[in-house]
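When reading the values below, keep in mind they use all heavy atoms of this one structure, side chains included, and skip hydrogens, waters and symmetry mates.
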Amino acid sequence: MGELNWLTAEDMAQGFGSGAFSPVDVVGDCLAQIAAWEPRLNALTLVDGDGAQAQAAKSAARWQAGRPLSPLDGVPVLVKDILLTRGQPCLRGSFTVDAAGPWPDDAPAVARLREAGAVILARTTTPEIGWKGVTDSPRHGITRNPWDTTKTPGGSSGGASAAVAAGYAPLALGTDGGGSIRIPAGFTGIYGLKPSFGRVPAWPLSPFGTVAHIGPMTRTARDAALLLDVISRPDARDWHALPHDPASHLPGAASLRGLRVAFSPTLGFATVDPEVAALVRAAVDRMADAGATITETDPGFDDPLEIYRTLWWAGAGAALAHVTNRSRLDPGLAEVLEAAEKITLSEYLAATRARGALGAQMRGFMEGFDLLVTPSLPIPAFDAGRLMPTGADPAKSWMGWTPFSYPFNLTQQPAASVPCGFAAGGLPVGVQLVGPMFGDRAVLAASAALEAALALPPRRPL
């Protein structure tokens, strides 16, 4: 065997069904890959090797008996260290969390994966409480990009993106409150989907409120659809959750033909690296070649950074309001808490109203289009251990270099980062596909069709 960890979840299930290999074989290769790469990446907070092997053995017996629980039975999955997992500490990158627990609960997405027979393999790193777009924390240190370990994998689901890109497992659960799935997906060359808000039940609700989504991080859009089929199943604990739709998210004969695509290279306000801009435009050209109708236009809103910052900073303040000694916090997070204390109720409500107006504007805009396409990020990955690249405006914090992601947390639309090539320095670049609210299947189908149109040659980190 030796390289089963690089298979897609779809191909793993086919191999299990045919008897070509078993979940035990796959988990063995995943654990070997983790052992080889983890000292360089620091992408995990916990590896449950014994538990994963026991889960895999039970799955192998089910496949052998012809009774798998789902297409993900036996497939290894990584869980971001923001989501509760029974029996495992959920540390959130913070010394404010007592590892002793107890830890009796699974988050809804984790519970659904257990029911589907997936193998819960490991937990992935996050910045403290997931507050920023890179992944380093006081508790777990710096996570690195497998394409260049001097660079960041992005964040806050940076451990998940680094691990999937490095072949630890085909599937990971991420969270996205301002780009935390799409930023690291773009920086590491994997696929990441922020579903429509409420599509994946969440419990407990994120302290950052209704900008925070849970979604799949994978190497293909089809694998993301398989994962979304499972984690979108209902859970009564989430009163925000959308009504469950049992139809599969897996694209059929995915096609771009006839799609009305709005292409916004800058959203009207962002500055984009020329290499990134060229790769994204080339991807849009492939969409046109495949039959999409492209209209280059901006959606017509100003940068909503201040709206987002007010809501995000307030959420961080609420999450850590109980912390009186801030000396062990991430220093940047401690500064955020000081700023959060100055946010007034009237400012918070004004931001909420402005958010509503933006959401209404985007719903109207999307009536004329099936997709909005932008870069996932304006730059390739920068140095690890930094909040922002050299020369960035410190007043804008991490939002200054993520202008394409947080607007669509405010509007709650589904949005995905699709790999579209590599910059000259060997770092990945992503293109973002944004769908109309509740248009998760459309985004997944277009993503799969774009992957086929781009036909990027297989490439792994060295």
Side-chain angles (χ1 to χ4, degrees), residues 5-6 8 29-47 76-83 91-93 121-128 130 132-137 139-176 179-193 215-220 223-224 227 376-377 379-387 389 398 402 405 417-419 422-423 425-430 459-462:
N5 53 294
W6 287 108
T8 66
D29 285 358
C30 289
L31 291 172
Q33 185 75 352
I34 289 169
W37 276 84
E38 185 56 9
R40 286 176 275 178
L41 299 186
N42 188 35
L44 306 178
T45 66
L46 179 149
V47 180
V77 183
L78 309 168
V79 178
K80 184 178 179 180
D81 195 31
I82 289 285
L83 300 171
L91 302 176
R92 306 168 80 207
L121 180 64
R123 297 183 67 73
T124 60
T125 52
T126 176
E128 192 162 16
K132 59 185 177 180
V134 293
T135 300
D136 58 75
S137 72
R139 189 151 197 164
H140 298 296
I142 298 171
T143 298
R144 299 181 180 276
N145 193 319
W147 296 99
D148 179 344
T149 55
T150 70
K151 305 301 182 184
T152 180
S156 63
S157 305
S161 70
V164 170
Y168 288 14
L171 306 178
L173 294 180
T175 66
D176 189 317
S180 289
I181 287 173
R182 292 159 291 149
I183 294 166
F187 273 176
T188 61
I190 68 167
Y191 183 81
L193 172 68
M217 301 179 72
T218 62
R219 289 192 283 271
T220 69
D223 271 7
L227 183 50
S376 298
L377 291 147
I379 53 173
F382 53 90
D383 289 348
R386 297 178 58 93
L387 180 62
W398 61 268
T402 60
S405 55
S417 180
V418 182
F422 289 81
L427 291 169
V429 172
R459 189 168 171 179
R460 298 178 189 170
L462 297 177

Going by atom type alone, with no hydrogens or angles, which donor-acceptor pairs under 3.5 Å involve a side-chain atom of residues 158-168 and a protein atom two or more places apart or on another chain?
residue	atom	partner	partner atom	Å
Ser161	OG	Pro153	O	3.3
Ser161	OG	Gly158	O	3.0
Tyr168	OH	Glu38	N	3.1
Tyr168	OH	Glu38	OE1	2.7

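In plain terms, the two heavy atoms of Ser405 and Gly179 that are nearest each other are CB-CA, 3.5 Å. Scanning both residues, Gly93 and Ser137, for their nearest heavy atoms gives O-CB, 3.3 Å. Listed here is the closest heavy atom pair of Leu121 and Cys30: CD2-CB, 3.9 Å. What you find for Leu44 and Thr124 is that their closest heavy atoms are CD2-CG2, 3.8 Å.
Taking the centre of each ring, Phe187 and Trp147 stay at or above the 6.0 Å mark.
Under a 4.0 Å N-O distance rule, the pair Asp136/Lys132 qualifies as a salt bridge. The pair Arg92-Asp81 does not meet the salt-bridge criterion, since no charged nitrogen lies less than 4.0 angstrom from a carboxylate oxygen.
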Check your understanding: After noting the C-alpha distance and the side-chain angles of Thr125 and Thr143, does the key distance pass the side chain to side chain donor-acceptor pair (under 3.5 Å) rule?
Key -> CA-CA 7 Å; Thr125 52; Thr143 298; 2.8 Å; yes

| said: Checking Thr175 against Leu83 for the side chain to side chain contact (heavy atoms under 4.5 Å, CB included) test, could you report, in this order, the C-alpha distance in whole Å, the side-chain angles of both residues, the deciding distance, and whether it holds? | reply: CA-CA 9 Å; Thr175 66; Leu83 300 171; 4.0 Å; yes

For a side chain to side chain donor-acceptor pair (under 3.5 Å) check, start with the C-alpha distance between Lys80 and Ser157, then their side-chain angles and the critical distance, and finish with the verdict. CA-CA 7 Å; Lys80 184 178 179 180; Ser157 305; 3.0 Å; yes

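Relative to the ring axis of Phe422, Arg459 places its NZ or CZ within 45° and under 6.0 Å from the centre.
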